[in-house]
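Written below as structure tokens is the structure these notes are about.
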Amino acid sequence: MLERKKVYVTRNLPGPGLSMLSKECDVSLHHGHRPPARKQMLKAIAGKNGIVCMLSDRIDKEAMDVAGPKLEVISSYSTGFEHIDVAEATRRGIYVTFTSDILAETTADLTFALMLACARNIVQGDEFVRQGKWKYGWAPDLMLGYDVYRTTLGILGMGRIGSAVARRAKGFDMKVIYYSRKRRMDLEAEIGIKYVEMDELLEQSDFISLHTSLNPKSFHIIDRSKFSKMKKTAFVINTARGQLINQEDLAIALKSGQIAGAGLDVFEIEPLPGPDPLTKMKNVVLLPHIGSATYNTRSRMSVIAAQNLLNVLNGIAPLYLVNPEVMNIRPLQSQTGN
Ligand code: GLV
């Protein structure tokens with residue numbers, strides 16, 4: 001009988017992913033809600049054939065050294081993969097897989113929730129009622145906010161999530177303008193969005209939503225100079241990556257009234273280290289990186305993360321591969337026809 005392959009999973013996963021893995025492999029699981037400490041993770045991955053990791057687990061050269069030559073696949077339970085040294089993995093013939101864009105619609109929903117929450121004082125309103133501060137019933141000037149309907153939405157980055165947000169915006173009769181590395185003529189025709197230069201987007205938008213990936217070019221793409229071009233009534237929404245915004249500059253812009261507010265699901269450092277000035281401000285809505293956090297999507301992500309890993313261990317191409325070049329370095333059986 002063939003020896004079962006050994007897999008380490010850095011967190012309990014919602015959905016059927018873990019039982020899929022356990023049927024075919026020996027699974028060691030890090031229990032609990034917190035990520036494993038670095039030392040603990042390094043100890044656990046030694047000699048493993050596969051790892052299922054999260055955004056919070058740094059899989060770098062050291063980790064690959066410790067895992068050793070049996071490591072065939074790193075399957076990330078995420079769309080982003082900046083926590084993995086992909087070049088190093090490729091060099092070693094290790095497949096890096098991810099859960100791709102299946103969370104686009106769910107993240108677009110949360111983006112809209114943040115826009116509405118910021119513009120319509122949803123969080124303050126809830127607190128006001130709970131804390132017994134609502135004394136006089138309906139009032140003409142109670143909690144006035146801003147319209148979302150028929151305003152201008154500027155989307156930075158027109159990939160799967162950006163376009164899912166644009167589609168929703170059309171239901172709110174919004175004018176959608178965008179700036180992206182790649183012009184999307186197909187979506188311009190299909191959804192009726194308009195490509196503009198960055199400055200125009202900053203100057204015209206009532207809501208600016210970030211949906212670009214994090215790379216050296218997009219790091220701090222929104223900083224002091226960009227806030228100074230925005231409308232005083234503008235809201236900035238970020239459900240992508242915290243490092244896209246210079247958070248110190250954002251706090252200054254919010255405090256000085258340079259912009260009206262911000263809705264943030266992601267931060268430069270996560271969890272947001274306290275005490276952070278943002279937590280003291282009323283014109284921000286803060287969420288703990290829950291863009292893809294629905295039962296349905298997180299469950300589908302577990303199936304995909306498990307299937308990606310099992311495929312590689314069984315010599316079959318994974319569903320979503322980050323580093324296709326690896327196939328030249330260590331071809332899978334199905335590629336070689338064995
Ligand atoms: C979440 O941010 C992800 O990359 O999956």
Side-chain angles (χ1 to χ4, degrees), residues 9-18 30 33-36 51-60 73-86 89 95-115 155-165 181 209-222 236-245 247 262-272 285-309 318-323:
V9 183
T10 66
R11 221 77 62 76
N12 209 346
L13 306 178
L18 280 174
H30 172 75
H33 293 295
R34 293 174 188 213
I51 305 172
V52 177
C53 65
M54 321 284 131
L55 289 173
S56 43
D57 309 310
R58 187 162 40 86
I59 311 291
D60 53 9
V73 53
I74 301 163
S75 167
S76 192
Y77 181 76
S78 64
T79 292
F81 40 82
E82 62 271 19
H83 52 300
I84 302 170
D85 186 340
V86 177
Y95 283 66
V96 179
T97 66
F98 69 136
T99 54
S100 186
D101 285 328
I102 62 149
L103 40 78
E105 299 296 340
T106 302
T107 306
D109 280 351
L110 192 88
T111 305
F112 248 83
L114 276 175
M115 278 168 56
I155 297 181
L156 200 57
M158 192 47 74
R160 285 283 284 275
I161 302 178
S163 58
V165 171
R181 211 164 27 96
S209 195
L210 307 187
H211 299 289
T212 187
S213 58
L214 179 67
N215 55 54
K217 275 202 182 138
S218 62
F219 178 79
H220 283 186
I221 192 166
I222 300 295
V236 173
I237 309 296
N238 191 4
T239 55
R241 284 292 180 266
Q243 294 93 332
L244 296 173
I245 300 182
Q247 212 164 285
L264 308 172
D265 184 41
V266 288
F267 302 89
E268 285 211 59
I269 299 172
E270 296 177 8
L272 186 63
V285 176
L286 308 172
L287 294 177
H289 202 151
I290 54 170
S292 62
T294 63
Y295 292 108
N296 186 33
T297 293
R298 289 281 168 90
S299 170
R300 284 181 66 211
M301 285 168 68
S302 88
V303 171
I304 289 177
Q307 197 61 58
N308 278 336
L309 182 137
L319 305 174
Y320 300 106
L321 181 60
V322 174
N323 56 344

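Both counts, for ligands and for their atoms, begin at 1 and track the order of listing. Small disclaimer: the values here were computed from a predicted structure and weren't measured.
- Close N/O approach between H289 and ligand 1 is found [any backbone or side-chain N/O within under 3.5 Å].
- At least one N/O-N/O distance between R241 and ligand 1 falls below 3.5 Å.
- Atom CZ of R298 sits in a crowded spot, with more than 12 heavy atoms from other residues, nucleotides or ligands closer than 6.0 Å.
- Taking a cut-off of under 4.0 Å to the non-hydrogen atoms of S78, the atoms of ligand 1 that pass are 3 (C), 4 (O), 5 (O).
- When heavy-atom distances to ligand 1 are checked against a 4.0 Å cut-off, L55 comes that close only through its side chain, counted from C-beta outward.
- Under a 4.0 Å criterion applied to the non-hydrogen atoms of G80, ligand 1 contributes the atoms 3 (C), 4 (O).
- A side-chain donor-acceptor contact under 3.5 Å links S302 to the backbone of P14.
- Looking only at atom types and distance, the side chain of T107 has no donor-acceptor partner in the side chain of T239 under 3.5 Å away.
- Side-chain atoms of R241 and H289, non-hydrogen and from C-beta on, do get closer than 4.5 Å to each other.
- Near L103, the atoms of ligand 1 lying under 4.0 angstrom from a non-hydrogen atom of the residue are 5 (O).
- Here the shortest heavy-atom distance to atom 3 (C) of ligand 1, taken over T79, T99, D265, L214, belongs to T79.
- Between the S218 side chain and the S213 main chain, a donor and an acceptor come within less than 3.5 Å of each other.
- Checked by atom type and distance alone, the side chain of H83 pairs as donor or acceptor with a backbone atom of M54 at under 3.5 Å.
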